[in-house]
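Numbering of residues begins at 1 and proceeds along the displayed sequence. Here the structure is a predicted model, which means the values were calculated and not measured.
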Amino acid sequence: ETRMKISGGPDHRYITGKALIKDAALKIAYTQCRYFIKNEELNFEKDLIDLGMIRLRDSLQNTATLSGKINHQFFDKLSFNNVKLETAKLALLNTTKINNSQFYGNVVGKAKMSINGPTSNLLMNIDGEPSILDSSHLYLPTGAGKESSAIDYIDFIQFGSQMETSRISESTNIIVTLNVKANQACKVDVILDEETGDIIKGQGNGLINIRVGNKEPLTIRGNYELTRGEYNFNFQTFFKKPFTLNRGTISWNGDPYQANINIDAEYLAKNVDISSLSSSSGFRQQEDITIIAHLTGVLQKPLVSFEFALPEKKKKKRDDIVV
């Protein structure tokens, strides 16, 4: 049973009492994840909403707890006071390039999230790690996208109808910090050139800090150690080969497109004519050759050099090229 009371004057009204949420859902537009609430109670005090300990569920029936308090003036001038979400496993990200061209994907894992401050200076901190029992996939384009990176506010949706929401006001300032502990269960695609299909598809380990706001640009800091994967190399659209990653590192220090890379990958070319490379002459010789690609420089404009491992264990270098 829900019992609510409205009191006060026209200049400052209060709503107090307890509200039972029978069936509802909330969607965080920044992550595009929707969570469901059933049979949970909110406690309304003067200028305050006490969340208590609410249980949330995602569409796969994973659960999380939401706690904390929200200060308000009759649902205006919201301010979050130690609002926390904790989960051992939950859908954490469900975005596409349309939602955020700077990084997107699907992530399921454990996380701790805190929200503090008024909407004029809102801080959202998220510590997360992909689940080793589920598939997660992140996409990191290295070219500046045309879509806006502005963060939408949280949409509260009730079954059967959607509450009218307003766009972010000029006074709103939201900063989101994500601390991601990457592991080999999460696939990461670093898109070097979307038009040609040059992509580093890797799995590995690392600590990555991502910070973004509706009034500040995206920054990424941290190191990512690639332990396996592949590199789709395309040279002027006519030479397309899948290289297997041997090892690699990607190091961010702020600008997401200026990350330093050091990656080795190889491709086995079969039945290559090496007669021009052999000391012998007068006959045609064909062998399998391992082509080793070294990627260095920065993500937005990587430098690629090649070595050819010949059957005699000799190596022949080729000039560097920029992709």
**Q** According to a 4.5 Å side-chain heavy-atom criterion applied to Ile, Leu, Val, Met, Phe, Trp and Tyr, with indirect links allowed, do Val108 and Leu138 form part of one hydrophobic cluster?
**A**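 Cluster IDs for Val108 and Leu138 differ.
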**Q** With a 4.5 Å cut-off on side-chain heavy-atom distances among I, L, V, M, F, W and Y, is there a chain of contacts connecting Leu48 to Leu66?
**A**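 The answer is no; the residues belong to distinct hydrophobic clusters.
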**Q** In Å and rounded to the nearest 0.5 Å, what is the CG to OG1 distance from Leu92 to Thr31?
**A**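 It is 8.0 Å, given to the nearest 0.5 Å.
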**Q** With the 4.5 Å side-chain cut-off for hydrophobic clustering, are Tyr14 and Ile70 part of the same group?
**A**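 Unlinked, Tyr14 and Ile70 end up in two clusters.
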**Q** How about Phe103 and Ile208: do any of their side-chain heavy atoms sit closer than 4.5 Å?
**A**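 When only atoms from C-beta onward are counted, Ile208 and Phe103 do not touch, as no gap falls below 4.5 Å.
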**Q** Should the pair Tyr139 and Tyr104 be assigned to parallel (<30°), tilted (30 to 60°) or perpendicular (>60°) ring geometry?
**A**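 Ring orientation, 0 to 90° scale: parallel.
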**Q** Please report the closest heavy-atom contact between Ile250 and Ala259, naming both atoms and the distance.
**A**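 Closest heavy-atom pair between Ile250 and Ala259: CG2-CB, 4.0 Å.
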**Q** For atom NZ of Lys84, is the number of surrounding heavy atoms from other residues, nucleotides or ligands below 6.0 Å larger than 12?
**A**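 No, the 6.0 Å shell around NZ holds no more than 12 heavy atoms from other groups.
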**Q** Please determine whether a side-chain nitrogen of the Lys or Arg among Asp127 and Lys112 lies less than 4.0 Å from a carboxylate oxygen of the Asp or Glu.
**A**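 So Asp127 does not pair with Lys112 through a salt bridge.
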**Q** If you measure only the distance, is there a donor-acceptor pair under 3.5 Å linking the side chains of Arg247 and Asn262?
**A**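 Their side chains do contain a donor-acceptor pair, which is all the 3.5 Å distance test asks for.
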**Q** Quick check against the 3.5 Å criterion: does Asp76 have a side-chain atom that pairs as donor or acceptor with the backbone of Gln73?
**A**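 Checked: no pair found.
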**Q** When rounded to the nearest 0.5 angstrom, what distance separates CE in Met113 from CG in Leu178?
**A**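 Rounded to the nearest 0.5 Å, the CE-CG separation comes out at 10.5 Å.
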**Q** Do Ile6 and Ile49 land in one hydrophobic cluster if side-chain heavy atoms of ILVMFWY residues count as linked below 4.5 Å?
**A**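 Ile6 clusters together with Ile49.
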**Q** With a cut-off of under 6.0 Å to the ring centre and 45° to the axis, is Arg13 in cation-pi contact with Phe74?
**A**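 Cation-pi check for Arg13 and Phe74: passes.
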**Q** What do the steps show when you test Leu218 against Ile210 for side-chain contact (heavy atoms from CB on, under 4.5 Å), and what is the final call?
**A** CA-CA 7 Å; Leu218 170 75; Ile210 300 173; 3.4 Å; yes
**Q** Decide yes or no on side-chain contact (heavy atoms from CB on, under 4.5 Å) for Leu207 and Val180, but give the supporting numbers first.
**A** CA-CA 6 Å; Leu207 295 172; Val180 180; over 6 Å; no
**Q** Could you tell me whether the side chain of Leu140 reaches within less than 4.5 Å of the side chain of Asp189, counting heavy atoms only?
**A**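 SC-SC contact between Asp189 and Leu140 ruled out.
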**Q** Is the shortest side-chain heavy-atom distance between Asn81 and Val83 below 4.5 Å?
**A**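 Side chain of Asn81 against side chain of Val83, heavy atoms only: no contact under 4.5 Å found.
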**Q** Can you classify the ring geometry of Trp252 versus Tyr224 as parallel (below 30°), tilted (30 to 60°) or perpendicular (above 60°)?
**A**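 Tilted: the ring planes of Trp252 and Tyr224 meet at 30° to 60°.
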**Q** Say whether Asp264 and His294, considering side chains only, have a donor N or O and an acceptor N or O under 3.5 Å apart.
**A**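 The criterion, which ignores hydrogens and geometry beyond distance, is satisfied for His294 and Asp264.
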**Q** Would Arg211 and Glu216 count as a salt bridge (Lys or Arg N to Asp or Glu O under 4.0 Å) here? Give the steps.
**A** CA-CA 9 Å; Arg211 178 184 169 101; Glu216 69 173 62; 2.9 Å; yes
**Q** Quick one: closest heavy-atom pair of Pro130 and Asn183, and the distance?
**A**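 Residues Pro130 and Asn183, closest heavy atoms: O-ND2, 2.9 Å.
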**Q** Between Phe80 and Leu122, is a side-chain contact (heavy atoms from CB on, under 4.5 Å) present by the stated rule, with each step listed?
**A** CA-CA 8 Å; Phe80 294 80; Leu122 187 66; 3.5 Å; yes
**Q** Taking all atoms of both residues into account, what is the closest heavy-atom pair of Asn62 and Leu90, and its distance?
**A**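 Nearest pair, atom of Asn62 first, then Leu90: O-CD1, 3.5 Å.
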**Q** Does either side chain, that of Asp47 or that of His72, offer a donor lying less than 3.5 Å from an acceptor on the other one?
**A**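 No, because no side-chain N or O of Asp47 sits under 3.5 Å from a partner of the opposite role on His72.
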**Q** For the backbone of Ala111 and the side chain of Thr87, can you confirm whether one donor and one acceptor N or O come within less than 3.5 Å of each other?
**A**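 Pair absent, no side-chain N/O of Thr87 close to backbone of Ala111.
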**Q** For the atom pair CD1 (Ile115) and CG (Asn125), what is the distance rounded to the nearest 0.5 Å?
**A**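 That separation rounds to 9.5 Å.
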**Q** For a side-chain hydrogen bond (donor to acceptor under 3.5 Å, both in side chains) check, start with the C-alpha distance between Ser251 and Asn223, then their side-chain angles and the critical distance, and finish with the verdict.
**A** CA-CA 4 Å; Ser251 300; Asn223 297 308; 2.8 Å; yes
**Q** Would you check if the side chain of Gln203 reaches a backbone N or O of Gln184 as a donor-acceptor pair within less than 3.5 Å?
**A**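 Looks like yes, one N/O pair under 3.5 Å.
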**Q** Is any side-chain heavy atom of Leu299 closer than 4.5 Å to a side-chain heavy atom of Val190?
**A**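 A side-chain contact exists here, since the closest heavy-atom pair is under 4.5 Å.
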**Q** Let me confirm one number: the NZ-CD distance from Lys181 to Glu129, rounded to the nearest 0.5 Å.
**A**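 Rounded to the nearest 0.5 Å, the NZ-CD separation comes to 4.5 Å.
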**Q** Would Thr219 and Val212 satisfy side-chain contact (heavy atoms from CB on, under 4.5 Å), going step by step from the backbone distance to the final call?
**A** CA-CA 6 Å; Thr219 60; Val212 66; over 6 Å; no
**Q** Side chains of Ile28 and Cys33: closer than 4.5 Å at any heavy-atom pair?
**A**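 No, their side chains stay 4.5 Å or more apart.
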**Q** State, to 0.1 Å, how close Arg228 and Leu245 come at their nearest heavy-atom pair, and which atoms those are.
**A**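 For Arg228 and Leu245, the tightest heavy-atom pair comes out as O-CD1, 4.1 Å.
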**Q** Which pair of heavy atoms, one from Gln32 and one from Asn94, lies closest together, and at what distance?
**A**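 Looks like CB-O, 3.1 Å.
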**Q** Can any side-chain N or O of Asp58 pair as donor or acceptor with the backbone N or O of Ala91 at less than 3.5 Å?
**A**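 Answer holds: yes.
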**Q** Would you indicate whether the side-chain heavy atoms of Leu78 and Asn71 approach each other to under 4.5 Å?
**A**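 Not in contact.
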**Q** Do we see a donor-acceptor contact under 3.5 Å between the side chains of Asn253 and Arg221?
**A**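 A donor-acceptor contact under 3.5 Å links the two side chains.
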**Q** Would you indicate whether the side-chain heavy atoms of Leu56 and Ile37 approach each other to under 4.5 Å?
**A**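 Yes, side chains in contact.
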**Q** For Glu45 and Thr16, test the side chains for any donor-to-acceptor distance below 3.5 angstrom and give the result as yes or no.
**A**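 Side-chain D/A pair, Glu45 to Thr16: absent.
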**Q** Are Leu51 and Phe75 linked, directly or through other ILVMFWY residues, by side chains that come within less than 4.5 angstrom of each other?
**A**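 Leu51 and Phe75: one cluster.
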**Q** Hey, what do you get for CG (Leu20) to CD (Glu40), rounding to the nearest 0.5 Å?
**A**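 Taking CG in Leu20 and CD in Glu40, the distance rounds to 9.0 Å.
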**Q** I need the Asn82 CG to Ser114 OG distance, nearest 0.5 Å.
**A**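 Asn82 atom CG to Ser114 atom OG measures 7.0 Å (nearest 0.5 Å).
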**Q** If we only count heavy atoms from C-beta on, is the Ile263 to Thr249 side-chain gap below 4.5 Å?
**A**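 Answer no - side chains too far apart.
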**Q** Taking Asp50 for the side chain and Asn43 for the main chain, is one N or O donor matched with an acceptor at less than 3.5 Å?
**A**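 No: the side chain of Asp50 does not pair with the backbone of Asn43.
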**Q** Testing the basics here: between Tyr231 and Ala265, what is the closest heavy-atom pair and its distance to 0.1 Å?
**A**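 Scanning both residues completely, I find the closest heavy atoms to be CB-CB, 4.4 Å.
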